[in-house]
Structure formats: structure tokens, C-alpha cells
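Here is the structure we will look at.
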Amino acid sequence: MSTETVAIVGAGAIGTALAHALSTASVPVVAVASRRREHAEALATAIPGAEPVSVREAGRAAAIVLLTVSDSAIEDACAALDAPPGVLVAHTSGSRDVTALEAATTAGADVGGIHPLAAVARRARGSDPSTPARADAFRGALFAIEGSEGVTARLSALAAGVGGHPFPIAAQDKPLYHLGASMLAASAAGLSQISWDELRRAGADATTASRGVSHLLRTVADNIERAALPGAALTGPVARGDAEGLRRQAVAARALSTETCALYRAHALHNIEVARGAGLITGETADGLLAALLDDETTRRRKGNP
Ligand SMILES: NC(=O)c1ccc[n+]([C@@H]2O[C@H](COP(=O)([O-])OP(=O)(O)OC[C@H]3O[C@@H](n4cnc5c(N)ncnc54)[C@H](OP(=O)(O)O)[C@@H]3O)[C@@H](O)[C@H]2O)c1
């Protein structure tokens, strides 16, 4: 486990979660900087041994400086650091590579990327930053690590310290790696809203609906962990090759907004491909499912629906 000192620059969702997780794992988080001084102060107060500092000071405050700022602010925050040779400056973006840290490279610092494959929601402003609710947010998470051999070793030790699993990633692989991860995390939350809305419409109160949706997601995650590949964990009429069931769903989807209905159809089409690829259905069954969807579309168009 890493015993190197860490400075956090960016007291947002990931910065807050990492500061708590590292500190809980006895990795010394000694400094916190942020765009707004009050955010740095609030987080530093919650982390034992941490001091609020300016972004410039953060560069000399620790052996490892983690830039947990928004993707578009990485260059500016990096240029504002006063990082001497030997210090490791790393950002937590999944889509940007280390070329975003050119200012630190020019100054002689080491540079790297450490992207936790975990979804950390923003804290509601005004919530208590001392609540270590995120201390275990990274237990079991993969961490995509970019950098030289030495940098990878140092960042991997940080990832392992918070219970994560480091894996090396090349710069050119990051955009699509991140697209896949981001689509999954954002779609799961976005699609959950549809499920939640329909539970509410069916009479569930908000707490019951949230509990129902999150349990459903956990069962999906469990199935994926046990399956040979994620597509093999598919459930529902497509996975069962049930064309009639799919047709009934498509009819029900017409009651949704135009955008949500289009999303349903795009998902159904995609899932037919996934089910076939995972060997859940034959090509002939896939054709039957496609025909059921097309029939419904033809009926909708005939009735003048978009
Ligand atoms: N959230 C996730 O699930 C997740 C997962 C993996 C990786 N990441 C990556 O982690 C990074 C941060 O994401 P996030 O979700 O934590 O974003 P966020 O909640 O919006 O936090 C961004 C933080 O950056 C600070 N900041 C912005 N510009 C700055 C500057 N010029 N100098 C200093 N601080 C600055 C902001 O400071 P103030 O609060 O003071 O305004 C804010 O605290 C991004 O690269 C993102 O891709 C996020």
C-alpha cells in the first residue's frame, strides 16, 4: 500500500470520495485545493491532517498531486501548480490522456492518469462533507492507470490502497474505454428514471420506487458478475426469444414520450443483437423478434404516430 503523501486538487465528487477513501486507508492526504477556497476548506476540515491550500501550493505540498478537476479544467489547474521534479501529477479523467498535463511535464514532474471505474454522484451542496459516506466507493473498482512503469507502480499502489484493482491502459485506448463506461453508468441512471416514473405512476411512493429500482439494478449487476459475458445476463422477452412479449412491450411503449419510445426501440434492436451474440437466441429467433418490432412500427405509422 502507498504511504506517499497526497494532495487533492478539486473538491468535487471524485476528489471528495478519493480524499475520504485514501484517508480511511491510512494514506496521508495532506492538502486540499479547489477552485473555490470554501470547498477546499470544507473538505480539508473533514480529512484528518489535511490543510486547505491554493492550487499553486498543492504542487509542493505532497509527493502525489491528484487533479480531480473537471476534464476541461485539467490544463488550467495543471498550469497553476508549482510542481517540482519528482512530484507525480495525475488526473482522474477517463477520456483525457497525460498530454493534458504538459505543463507539469515541462516543469520536470512525473505525470499519469488514474481513472476509477466507479460512478460517484455529486454531493448535494450544503451536505455535511465530513460524512465519510464515500470511503468504500472504490472497494472492488477497476482503476485504469496510464503512465510510465514507475508512475504506474505508484498510482497502482494508491488504487490498491482503497481496495481497487489497477489495470494499465494505453492513451489511445482511453476514449472508447471511457465511452463504454460512461454509457453504462449514465444510461443506468437515466433508464432508472423511466422505471421509477412508471412505478410512481403505478402507485408506489418515492422511497418504495427508489428501493425497487436499486434492487433491480443490483440483481442485474449480480447476474453480470456470474455470467460468462454481460450479454449472457440479458433478461426479458428478447433473451427469451418471445416475439409476442416483445410486441406487447412495443405497444405499451407507445404511451411513452416520443423520445422515450424511440429509446425503447433502439434498446430492443440492440438487445436482439446482443442476445444473438451471446448465444441466447438463434438467428431465426432474432429475425422473428425484428419482425415483431417492424410490424409494430408499421402499425404505428399507419395510425399516424411518429
Ligand atoms: N464522478 C464520477 O463518477 C467520476 C468517475 C471517474 C472519474 N471522474 C473524473 O474525475 C474528474 C472530476 O469529476 P467530478 O465528477 O468529481 O466533477 P465535479 O464534481 O464537477 O468536481 C470538479 C471539481 O473541480 C474543481 N475545479 C474546476 N476547475 C478548477 C480549477 N481550474 N482549479 C481547481 N479546481 C477546479 C471544482 O471546484 P469547486 O468545487 O471549488 O468549484 C470541483 O470541485 C473528471 O476528470 C471526471 O472525468 C469522475
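Counting convention: from 1, in listed order, for ligands and their atoms alike.
Remark: ligand 1 and I74 share no N or O pair separated by less than 3.5 Å (distance only, no angle test). At least one N or O atom of H39 sits closer than 3.5 Å to an N or O atom of ligand 1. The N/O atoms of D71, backbone and side chain alike, include one that comes under 3.5 Å of an N/O atom in ligand 1.
Residues V151 and V111 have side chains not in contact (no heavy-atom distance under 4.5 Å, counting atoms from C-beta outward). Side-chain contact between D82 and E57 is absent, with no heavy-atom pair separated by less than 4.5 Å.
Residue contacts with ligand 1 for A118 involve N, CA, C or O but no side-chain atom from C-beta outward (heavy atoms, distance under 4.0 Å). Contacts between A11 and ligand 1, counted as non-hydrogen atom pairs separated by less than 4.0 Å, involve the backbone only. Contacts between H91 and ligand 1, counted as non-hydrogen atom pairs separated by less than 4.0 Å, are absent for every part of the residue.
Residue T68 approaches ligand 1 through these ligand atoms, each under 4.0 Å from one of its heavy atoms: 12 (C), 22 (C), 23 (C), 24 (O).
The salt bridge (charged side-chain N to carboxylate O under 4.0 Å, His left out) analysis of residues 217-243, with sequence neighbours excluded, yields no pairs. Counting only residues at least two apart or on different chains, the side chain to side chain donor-acceptor pair (under 3.5 Å) pairs with a member in residues 272-281 are E273-R276.
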Residues F143, V162; criterion side chain to side chain contact (heavy atoms under 4.5 Å, CB included); working and verdict
CA-CA 10 Å; F143 279 72; V162 295; 3.7 Å; yes
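The shortest separation from a heavy atom of S72 to ligand 1 is not under 4.0 Å, leaving the residue out of contact.
Looking at R36, E38, R35, R37, it is R35 that brings a heavy atom closest to atom 29 (C) of ligand 1. The option with the heavy atom closest to atom 31 (N) of ligand 1, from among A73, S70, S34, A119, is A73. In this structure, of V120, V69, L43, L117, the residue bringing a heavy atom nearest to atom 26 (N) of ligand 1 is V69. For atom 48 (C) of ligand 1, the nearest non-hydrogen atom from the set I14, T92, V9 comes from I14.
A donor-acceptor pair shorter than 3.5 Å cannot be found between the side chains of T207 and S210. There is a side-chain donor-acceptor pair under 3.5 Å between S95 and D71.
No more than 12 heavy atoms of other residues, nucleotides or ligands shown are found within 6.0 angstrom of CD on E102.
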